[in-house]
Q: 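Pasting a structure below so you can have a look.
Every heavy atom of this structure was used, including side-chain atoms; hydrogens, water molecules and symmetry mates were not.
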Amino acid sequence: MKFRGHESFAIRKGWLYKGMSNIIKEPGIFQGSSSKSMDVLGIGANMVKSLRYWLMAVGLTSEPKSGKKNQSPTKLGDIIYNNDRYMEEVGTLCLLHYNLAVNEEDATAWYIFFNQFNKQEFDYDDFYSAVKKYLNMQDDDKFTNKDRQIADRSISDDFSCLINSYVPRAKLNPEKVHPENNIDCPLGEIGLVDVVDKKKGIYKKSTPKSENLPLLVLLALIIKSTEGKKEIRISELQNKEKSIGKVFNLDSITLINILYKIESLGYIKVIRTAGLDVIEIKTDMTFEECVEKYYDSLNK
């Protein structure tokens, strides 16, 4: 479990490109003196720690568990950097969001929020209760009571960072937002969280418009989550942890609409007869091949 790895900073526009481009030039950019990293990256010491964390949390880079902890791009990181290095395409943002939302080890609060927290409208107290419930349910063989004693401030900071990741600041503090600022997190463009009552601190999970979610990216994520199976129940795609339904807040109508659109491209078959309600995966493409095909379609 990991809480508050972000140092209270949400991802900012341009950060991930800055991190990736410098790691490619110098894999040890986050090693050695922090002053050197600060000079090269042009950000403060805590922001350097935050950027290092975010690059790994969204699946762009990895570093060894021991020894010299040089960062290197993951396979997906290479594909994204080679095709959308400034990470502006909505499909790229969906891939980064998915990796973050299923990363139980490094982004535990995000994992809880998108996979186990089922309230549509919520406030901080609701989220706090969900985190505490998660901590109490962890296996005694893996976690001691000390491991479970996450500071309330860490939970509070994770909640604030999560909200700032998905709600544009113009909605949260319109009077303090300058038109040219780049402080907004790009993940807010997906449309997953909205404000219900700013004064009372009430928010809601939102279902993105299906036309805003790239079909080839969703197909790639379905293929990734099925782990080689060629058939999966539609209910699993909506309700199982790490499914596209959970991670993108999809209601049943939106999910079915998306699946029929993917079927029209010939990659899957939707079977809703004889009480089956399953999809068959007709393509032999891997997750990475689907992602590459998405970027190829943009170039065309």
Q: Please round to the nearest 0.5 Å and tell me the distance separating atom SG of Cys94 and atom CG of Leu221.
A: 8.0 Å
Q: Grouping I, L, V, M, F, W and Y whenever their side-chain heavy atoms are under 4.5 Å apart, do Leu259 and Tyr294 come out in a common cluster?
A: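 In one cluster with Leu259: Tyr294, yes.
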Q: Could you list all the side-chain hydrogen bond (donor to acceptor under 3.5 Å, both in side chains) pairs where at least one residue sits in residues 186-196, not counting sequence neighbours?
A: Lys171-Asp194
Q: Only counting residues at least two apart or in another chain, list the ones meeting salt bridge (Lys or Arg N to Asp or Glu O under 4.0 Å) with Asp126.
A: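 Applying salt bridge (Lys or Arg N to Asp or Glu O under 4.0 Å) to Asp126 gives Lys119.
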Q: Is the distance from the ring center of Phe3 to that of Phe159 below 6.0 Å?
A: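 Judged by ring-centre distance (under 6.0 Å), Phe3 and Phe159 do not meet the cut-off.
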Q: Please identify each residue that fulfils salt bridge (Lys or Arg N to Asp or Glu O under 4.0 Å) with Lys282, with sequence neighbours left out.
A: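 Salt bridge (Lys or Arg N to Asp or Glu O under 4.0 Å) check on Lys282 returns Glu280.
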Q: List for me each residue that meets side chain to side chain donor-acceptor pair (under 3.5 Å) alongside Glu121, sequence neighbours excluded, and say none if there are none.
A: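 Listed in chain order: nothing, the list is empty.
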Q: Given 3.5 Å as the limit, does a donor-acceptor pair link the side chain of Tyr203 with the main chain of Val196, or not?
A: no
Q: Atom NZ of residue position Lys293 - does it have more than 12 heavy atoms of other residues, nucleotides or ligands inside 6.0 Å?
A: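 No, because the 6.0 Å sphere around NZ of Lys293 holds 12 heavy atoms or fewer from other groups.
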Q: Distance only, no hydrogens: is a donor on one side chain within 3.5 Å (strictly under) of an acceptor on the other, for Ser160 and Tyr124?
A: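 Short answer, no.
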Q: Check whether any side-chain N or O of Thr108 sits under 3.5 Å from a backbone N or O of Glu104 as a donor-acceptor pair, and report yes or no.
A: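 The answer is yes, because a donor-acceptor pair under 3.5 Å joins these two groups.
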Q: Report yes or no: does His97 contribute a side-chain atom to a donor-acceptor pair with the main-chain N or O of Val247 at less than 3.5 Å?
A: yes
Q: With sequence neighbours excluded, what pairs up with Glu26 under the salt bridge (Lys or Arg N to Asp or Glu O under 4.0 Å) test?
A: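 Here the qualifying residues are Lys36.
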Q: Does a salt bridge link Asp106 with Lys2, judged by any charged N lying under 4.0 Å from a carboxylate O?
A: no
Q: Restricting to non-hydrogen atoms, name the atom on Pro73 and the atom on Ile24 that form the minimum distance, rounded to 0.1 Å.
A: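 Shortest heavy-atom contact: CG-CG1, 4.2 Å.
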Q: Between the side chain of Glu289 and the main-chain N/O of Thr286, is any donor-acceptor distance below 3.5 Å?
A: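 Checking the backbone N and O of Thr286 against the side chain of Glu289, a donor-acceptor pair under 3.5 Å is found.
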Q: What pairs with Lys240 under salt bridge (Lys or Arg N to Asp or Glu O under 4.0 Å), at least two apart in sequence or on another chain?
A: Glu236
Q: Report the C-alpha separation of Glu241 and Tyr111 in whole Å, then their side-chain angles, then the decisive distance to 0.1 Å, and conclude whether the side-chain hydrogen bond (donor to acceptor under 3.5 Å, both in side chains) test is met.
A: CA-CA 9 Å; Glu241 291 185 9; Tyr111 179 84; 2.3 Å; yes
Q: Ser50 and Glu7: side-chain donor and acceptor closer than 3.5 Å?
A: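 No.
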Q: Mind checking what makes ring-ring contact (aromatic ring centres under 6.0 Å, His included) contact with Tyr17, not counting sequence neighbours?
A: Tyr86
Q: Which pairs with one or both residues in residues 220-240 pass ring-ring contact (aromatic ring centres under 6.0 Å, His included), sequence neighbours excluded?
A: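 Counting only pairs at least two positions apart or across chains, no ring-ring contact (aromatic ring centres under 6.0 Å, His included) contact touches residues 220-240.
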Q: So, Phe114 versus Tyr166, ring centres under 6.0 angstrom or not?
A: yes
Q: Which residue pairs pass the salt bridge (Lys or Arg N to Asp or Glu O under 4.0 Å) test when at least one of the two sits in residues 46-69, sequence neighbours left out?
A: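 Salt bridge (Lys or Arg N to Asp or Glu O under 4.0 Å) check on residues 46-69 returns Arg52-Glu63, Lys65-Glu105.
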Q: Distance-only, no hydrogens or angles: does the Ser156 side chain make a donor-acceptor pair with backbone N or O of Asp152 under 3.5 Å?
A: no
Q: What's in the same ILVMFWY side-chain cluster as Leu276, cut-off under 4.5 Å, chained through other members?
A: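 Joined to Leu276, directly or through intermediates: Ile271, Val278.
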Q: Look at the side chain of Glu88 and the backbone N and O of Asp84, then say whether any donor-acceptor pair between them is shorter than 3.5 Å.
A: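 Not at all, since once roles are kept as given, no pair shorter than 3.5 Å links the two residues.
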Q: For the pair Ile11 and Val58, evaluate side chain to side chain contact (heavy atoms under 4.5 Å, CB included) and give the outcome as yes or no after the intermediate values.
A: CA-CA 10 Å; Ile11 300 168; Val58 299; 4.0 Å; yes
Q: Please list all pairs passing the salt bridge (Lys or Arg N to Asp or Glu O under 4.0 Å) test where one or both residues lie in residues 154-166, with sequence neighbours left out.
A: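 Sorted result for residues 154-166: Arg4-Asp157, Arg153-Asp157.
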Q: Can you tell me how far CG of Asp251 sits from CD of Gln238, rounded to the nearest 0.5 angstrom?
A: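 One finds 7.0 Å between CD of Gln238 and CG of Asp251.
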Q: Keeping Asn249 on the side-chain end and Thr207 on the backbone end, is there a donor-acceptor pair under 3.5 Å?
A: no
Q: Check side-chain contact (heavy atoms from CB on, under 4.5 Å) between Pro27 and all other residues, then give those that pass, not counting sequence neighbours.
A: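 Partners of Pro27 by the side-chain contact (heavy atoms from CB on, under 4.5 Å) criterion, ordered by chain and then number, come out as Asn70.
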Q: Test side chain to side chain contact (heavy atoms under 4.5 Å, CB included) on Asn212 and Ile190; report intermediate values, then the result.
A: CA-CA 8 Å; Asn212 293 341; Ile190 305 173; over 6 Å; no
Q: When Cys290 is tested against each of Ile223, Ile222, Leu215 for side chain to side chain contact (heavy atoms under 4.5 Å, CB included), which residue passes?
A: Ile223
Q: Between Lys205 and Phe117, is there a donor-acceptor pair closer than 3.5 Å when you use the side chain of the first and the backbone of the second?
A: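 Checked: pair present.
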Q: Is the number of heavy atoms from other residues, nucleotides or ligands under 6.0 Å of Lys75 NZ greater than 12?
A: no
